[in-house]
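One structure is given below, encoded as C-alpha coordinates.
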Amino acid sequence: MIPARLTTALTRRSALSINPQLLPQSTIITYQRRQFSQTRPALTSTLPVQIHGKGSGTSQTITVQNKPYTFQTDTYTTLGGNDAHPSPVAYSLASLGSCNQVTGSVVARDHGIKVGQWDVEVEGQLPTDVLVGGKQGNPNWVSVGLKIHVQTDLDVETEEGRKKWDFFVSEVERRCPITQLFKLSGVRYQSVWVNERL
(Lines give C-alpha, C1' and ligand atoms only; values in the text may rest on other atoms or scores of the structure.)
Protein backbone atom coordinates (compact mmCIF):
# COMPACT_ATOMS: atom_id res chain seq x y z
CA MET A 1 0.00 0.00 0.00
CA ILE A 2 1.26 3.48 -0.87
CA PRO A 3 1.27 5.99 1.98
CA ALA A 4 -1.30 8.77 1.68
CA ARG A 5 1.40 11.46 1.72
CA LEU A 6 3.16 9.74 -1.21
CA THR A 7 -0.11 9.37 -3.12
CA THR A 8 -0.71 13.09 -2.63
CA ALA A 9 2.77 13.89 -3.93
CA LEU A 10 2.50 11.59 -6.92
CA THR A 11 -0.96 12.66 -7.98
CA ARG A 12 -0.33 16.39 -7.88
CA ARG A 13 -0.83 18.03 -11.21
CA SER A 14 2.35 17.82 -13.28
CA ALA A 15 3.50 17.54 -16.87
CA LEU A 16 4.29 13.85 -16.32
CA SER A 17 1.54 11.86 -14.65
CA ILE A 18 2.54 8.90 -12.50
CA ASN A 19 -0.07 6.39 -11.47
CA PRO A 20 0.79 5.44 -7.87
CA GLN A 21 -0.89 2.05 -8.34
CA LEU A 22 1.81 1.12 -10.89
CA LEU A 23 4.67 1.47 -8.41
CA PRO A 24 6.18 -1.84 -7.33
CA GLN A 25 5.62 -2.90 -3.72
CA SER A 26 9.34 -2.49 -2.96
CA THR A 27 9.47 1.14 -4.11
CA ILE A 28 10.40 3.38 -1.22
CA ILE A 29 9.95 7.09 -1.74
CA THR A 30 9.84 9.63 1.02
CA TYR A 31 8.05 12.89 0.57
CA GLN A 32 8.14 15.69 3.06
CA ARG A 33 7.26 19.30 2.76
CA ARG A 34 10.27 21.52 3.28
CA GLN A 35 10.55 24.95 4.78
CA PHE A 36 12.24 26.87 1.98
CA SER A 37 13.24 29.85 4.04
CA GLN A 38 13.02 31.03 7.57
CA THR A 39 10.77 33.95 6.68
CA ARG A 40 8.46 32.58 3.99
CA PRO A 41 6.14 29.56 4.24
CA ALA A 42 6.84 26.53 2.07
CA LEU A 43 5.07 26.47 -1.26
CA THR A 44 2.68 23.58 -1.56
CA SER A 45 2.45 23.55 -5.33
CA THR A 46 4.80 23.08 -8.25
CA LEU A 47 5.78 25.38 -11.08
CA PRO A 48 4.71 23.62 -14.26
CA VAL A 49 7.12 24.13 -17.16
CA GLN A 50 6.49 22.59 -20.55
CA ILE A 51 8.55 23.05 -23.68
CA HIS A 52 8.22 21.82 -27.23
CA GLY A 53 11.05 21.44 -29.69
CA LYS A 54 10.80 21.10 -33.45
CA GLY A 55 13.58 20.96 -35.99
CA SER A 56 15.72 18.90 -38.29
CA GLY A 57 19.31 17.73 -38.23
CA THR A 58 20.97 19.26 -35.18
CA SER A 59 18.97 22.50 -35.17
CA GLN A 60 15.82 22.94 -33.12
CA THR A 61 13.42 25.76 -32.31
CA ILE A 62 12.03 25.55 -28.80
CA THR A 63 8.84 27.11 -27.52
CA VAL A 64 7.79 27.45 -23.91
CA GLN A 65 4.12 26.77 -23.27
CA ASN A 66 2.06 29.95 -22.78
CA LYS A 67 5.06 32.23 -23.41
CA PRO A 68 5.55 34.57 -26.39
CA TYR A 69 9.23 33.72 -26.94
CA THR A 70 11.21 30.95 -28.59
CA PHE A 71 14.86 30.02 -28.59
CA GLN A 72 17.00 27.96 -30.89
CA THR A 73 19.67 25.35 -30.45
CA ASP A 74 22.30 23.89 -32.72
CA THR A 75 25.63 22.25 -32.06
CA TYR A 76 29.30 22.45 -32.91
CA THR A 77 30.44 21.71 -36.45
CA THR A 78 32.54 18.80 -35.14
CA LEU A 79 29.26 17.13 -34.14
CA GLY A 80 27.65 17.79 -37.51
CA GLY A 81 25.96 21.05 -36.63
CA ASN A 82 26.21 24.51 -38.14
CA ASP A 83 27.11 26.26 -34.86
CA ALA A 84 24.38 28.79 -35.70
CA HIS A 85 22.92 28.85 -32.18
CA PRO A 86 24.09 27.83 -28.70
CA SER A 87 24.33 24.09 -28.13
CA PRO A 88 22.26 22.25 -25.54
CA VAL A 89 25.38 21.84 -23.39
CA ALA A 90 26.00 25.60 -23.53
CA TYR A 91 22.39 26.16 -22.51
CA SER A 92 22.84 23.79 -19.58
CA LEU A 93 25.72 25.92 -18.25
CA ALA A 94 23.78 29.12 -18.98
CA SER A 95 20.82 27.77 -17.02
CA LEU A 96 23.11 27.04 -14.07
CA GLY A 97 24.47 30.58 -14.02
CA SER A 98 21.15 32.33 -14.54
CA CYS A 99 19.30 30.09 -12.09
CA ASN A 100 21.78 31.03 -9.36
CA GLN A 101 21.06 34.70 -10.08
CA VAL A 102 17.29 34.19 -10.02
CA THR A 103 17.48 32.12 -6.84
CA GLY A 104 19.85 34.66 -5.31
CA SER A 105 17.37 37.43 -5.97
CA VAL A 106 14.61 35.41 -4.28
CA VAL A 107 16.82 34.59 -1.26
CA ALA A 108 17.94 38.22 -0.98
CA ARG A 109 14.32 39.39 -1.01
CA ASP A 110 13.37 36.80 1.62
CA HIS A 111 16.16 37.88 3.97
CA GLY A 112 16.23 41.64 3.44
CA ILE A 113 19.52 41.75 1.53
CA LYS A 114 19.89 44.35 -1.19
CA VAL A 115 21.56 43.08 -4.36
CA GLY A 116 22.81 44.92 -7.42
CA GLN A 117 24.76 43.68 -10.42
CA TRP A 118 25.66 40.04 -10.99
CA ASP A 119 28.64 38.80 -12.99
CA VAL A 120 28.55 35.02 -13.44
CA GLU A 121 31.12 32.83 -15.17
CA VAL A 122 30.49 29.12 -15.67
CA GLU A 123 32.96 26.60 -17.04
CA GLY A 124 32.54 22.90 -17.60
CA GLN A 125 34.56 19.96 -18.83
CA LEU A 126 32.46 17.64 -20.98
CA PRO A 127 33.93 14.28 -21.99
CA THR A 128 33.31 13.32 -25.62
CA ASP A 129 34.17 9.60 -25.59
CA VAL A 130 30.55 8.56 -25.02
CA LEU A 131 28.78 11.36 -26.92
CA VAL A 132 31.01 11.37 -30.00
CA GLY A 133 32.89 8.08 -29.82
CA GLY A 134 29.99 5.89 -28.69
CA LYS A 135 31.99 4.29 -25.87
CA GLN A 136 30.31 2.92 -22.77
CA GLY A 137 30.23 5.24 -19.76
CA ASN A 138 28.68 8.40 -18.48
CA PRO A 139 28.38 11.34 -20.93
CA ASN A 140 27.75 13.75 -18.04
CA TRP A 141 29.97 16.71 -17.26
CA VAL A 142 33.21 15.72 -15.51
CA SER A 143 33.41 19.03 -13.68
CA VAL A 144 31.56 22.32 -13.52
CA GLY A 145 32.76 25.51 -11.86
CA LEU A 146 31.04 28.81 -11.15
CA LYS A 147 32.56 32.14 -10.26
CA ILE A 148 29.94 34.60 -9.12
CA HIS A 149 30.50 38.27 -8.30
CA VAL A 150 27.43 39.90 -6.81
CA GLN A 151 26.90 43.34 -5.34
CA THR A 152 25.19 43.32 -1.95
CA ASP A 153 24.72 45.70 0.95
CA LEU A 154 26.51 43.23 3.27
CA ASP A 155 29.77 44.30 4.90
CA VAL A 156 31.79 41.08 4.94
CA GLU A 157 34.56 42.82 6.89
CA THR A 158 32.39 42.45 9.99
CA GLU A 159 31.60 39.12 11.65
CA GLU A 160 27.86 39.70 11.32
CA GLY A 161 28.15 40.66 7.65
CA ARG A 162 30.33 37.63 6.92
CA LYS A 163 27.83 35.29 8.60
CA LYS A 164 24.98 36.80 6.57
CA TRP A 165 27.03 36.46 3.37
CA ASP A 166 27.92 32.83 4.10
CA PHE A 167 24.27 32.09 4.85
CA PHE A 168 23.18 33.84 1.64
CA VAL A 169 25.56 31.77 -0.50
CA SER A 170 24.66 28.46 1.14
CA GLU A 171 20.95 29.23 0.92
CA VAL A 172 21.18 30.12 -2.78
CA GLU A 173 23.00 26.89 -3.56
CA ARG A 174 20.56 24.87 -1.46
CA ARG A 175 17.48 26.38 -3.08
CA CYS A 176 18.68 26.62 -6.70
CA PRO A 177 17.09 23.74 -8.63
CA ILE A 178 19.71 23.75 -11.38
CA THR A 179 22.58 23.76 -8.87
CA GLN A 180 20.99 20.78 -7.18
CA LEU A 181 20.48 19.06 -10.54
CA PHE A 182 24.21 19.34 -11.24
CA LYS A 183 25.32 18.40 -7.72
CA LEU A 184 23.02 15.39 -7.50
CA SER A 185 24.20 14.14 -10.89
CA GLY A 186 27.62 13.37 -9.40
CA VAL A 187 29.56 16.01 -11.31
CA ARG A 188 32.57 17.58 -9.56
CA TYR A 189 31.03 20.91 -8.63
CA GLN A 190 32.88 23.98 -7.38
CA SER A 191 31.72 27.52 -6.82
CA VAL A 192 33.46 30.72 -5.80
CA TRP A 193 31.31 33.61 -4.61
CA VAL A 194 32.68 37.14 -4.32
CA ASN A 195 30.78 39.87 -2.51
CA GLU A 196 31.13 43.39 -3.88
CA ARG A 197 29.69 46.18 -1.77
CA LEU A 198 26.86 48.20 -3.24
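All values below come from the heavy atoms of this structure, side chains included, with hydrogens, waters and symmetry mates left out.
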Practice task
Begin with the C-alpha distance, continue with both residues' side-chain angles, and end with the deciding distance and a verdict on side chain to side chain contact (heavy atoms under 4.5 Å, CB included) for Val107 and Arg175.
Solution key: CA-CA 8 Å; Val107 171; Arg175 291 171 60 176; 3.7 Å; yes
Handout entry: Tyr91 vs Leu96, side chain to side chain contact (heavy atoms under 4.5 Å, CB included): CA-CA, chis, key distance, verdict
Key = CA-CA 9 Å; Tyr91 275 117; Leu96 176 62; over 6 Å; no
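- Note on Ile178 and Val169: same hydrophobic cluster, where clusters join Ile, Leu, Val, Met, Phe, Trp and Tyr whose side-chain heavy atoms are under 4.5 Å apart, directly or indirectly.
- Here the shortest heavy-atom pairing between Ser95 and Ser92 reads OG-O, 2.8 Å.
- Using a 4.5 Å cut-off on side-chain heavy atoms (C-beta onward), Val144 and Leu93 make contact.
- The CG atom of Asp74 sits 9.0 Å away from the OG atom of Ser87 when rounded to the nearest 0.5 Å.
- A donor-acceptor pair under 3.5 Å links the side-chain atoms of Ser170 to the main chain of Phe167, judged by distance alone.
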Practice task
Output, in order, the C-alpha distance, side-chain angles, deciding distance and verdict of side-chain hydrogen bond (donor to acceptor under 3.5 Å, both in side chains) for Thr179 and Asn100.
Solution key: CA-CA 7 Å; Thr179 295; Asn100 270 275; 3.0 Å; yes
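- Here Ser143 pairs with nothing under the side chain to side chain donor-acceptor pair (under 3.5 Å) rule; sequence neighbours left out.
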Practice task
Step by step, work out the side-chain hydrogen bond (donor to acceptor under 3.5 Å, both in side chains) result for Glu173 and Ser191.
Solution key: CA-CA 9 Å; Glu173 291 198 344; Ser191 64; 2.5 Å; yes
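- Counting heavy atoms from C-beta outward, Leu79 and Thr77 have side chains that stay 4.5 Å or more apart.
- The distance from the SG atom of Cys99 to the CG atom of Leu181 is 9.5 Å, given to the nearest 0.5 Å.
- A distance of 13.5 Å separates NZ in Lys147 from CH2 in Trp193, rounded to the nearest 0.5 Å.
- Ring-centre distance between Phe71 and His85: not below the 6.0 Å cut-off.
- The two atoms that bring Trp141 and Val89 nearest to each other are CZ2-O, 3.5 Å, heavy atoms only.
- No side-chain heavy atom of Arg197 sits under 4.5 Å from any side-chain heavy atom of Thr152.
- Annotation: the span from Arg109 atom CZ to Ser105 atom OG amounts to 9.0 Å, rounded to 0.5 Å.
- Counting heavy atoms from C-beta outward, Leu146 and Tyr189 have side chains that approach closer than 4.5 Å.
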Problem - Worked check of side chain to side chain contact (heavy atoms under 4.5 Å, CB included) between Thr63 and Ile51 - result: CA-CA 6 Å; Thr63 57; Ile51 65 165; over 6 Å; no
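- One distance of note links CD of Gln60 with NZ of Lys54; it measures 11.0 Å at 0.5 Å rounding.
- Rounding to the nearest 0.5 angstrom, the gap separating the OG1 atom in Thr103 from the CD atom in Gln180 is 10.0 Å.
- Atom NZ of Lys183 has more than 12 neighbouring heavy atoms from other residues, nucleotides or ligands inside a 6.0 Å radius.
- Ion pairing of Glu160 with Lys163 is absent here, as no side-chain N (NZ or NE/NH1/NH2) approaches a carboxylate O to less than 4.0 Å.
- Listed by chain and number, the residues in a ring pair (Phe, Tyr, Trp, His ring centres under 6.0 Å) with Phe168 are Trp165 (sequence neighbours excluded).
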Atom pairs and distances, side-chain donor-acceptor, residues 113-139, under 3.5 Å, sequence neighbours left out:
from, atom 1, to, atom 2, distance (Å)
Glu123, OE2, Gln125, NE2, 3.4
Asn138, OD1, Asn140, N, 2.8

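- A salt bridge does not link Glu157 to Arg162: none of the charged nitrogens lies less than 4.0 Å from a carboxylate oxygen.
- With salt bridges taken as basic N to acidic carboxylate O contacts below 4.0 Å, none links Lys164 and Asp155.
- Side-chain N or O atoms of Asn195 include one that pairs as donor or acceptor with a backbone N or O of Leu154 at under 3.5 Å.
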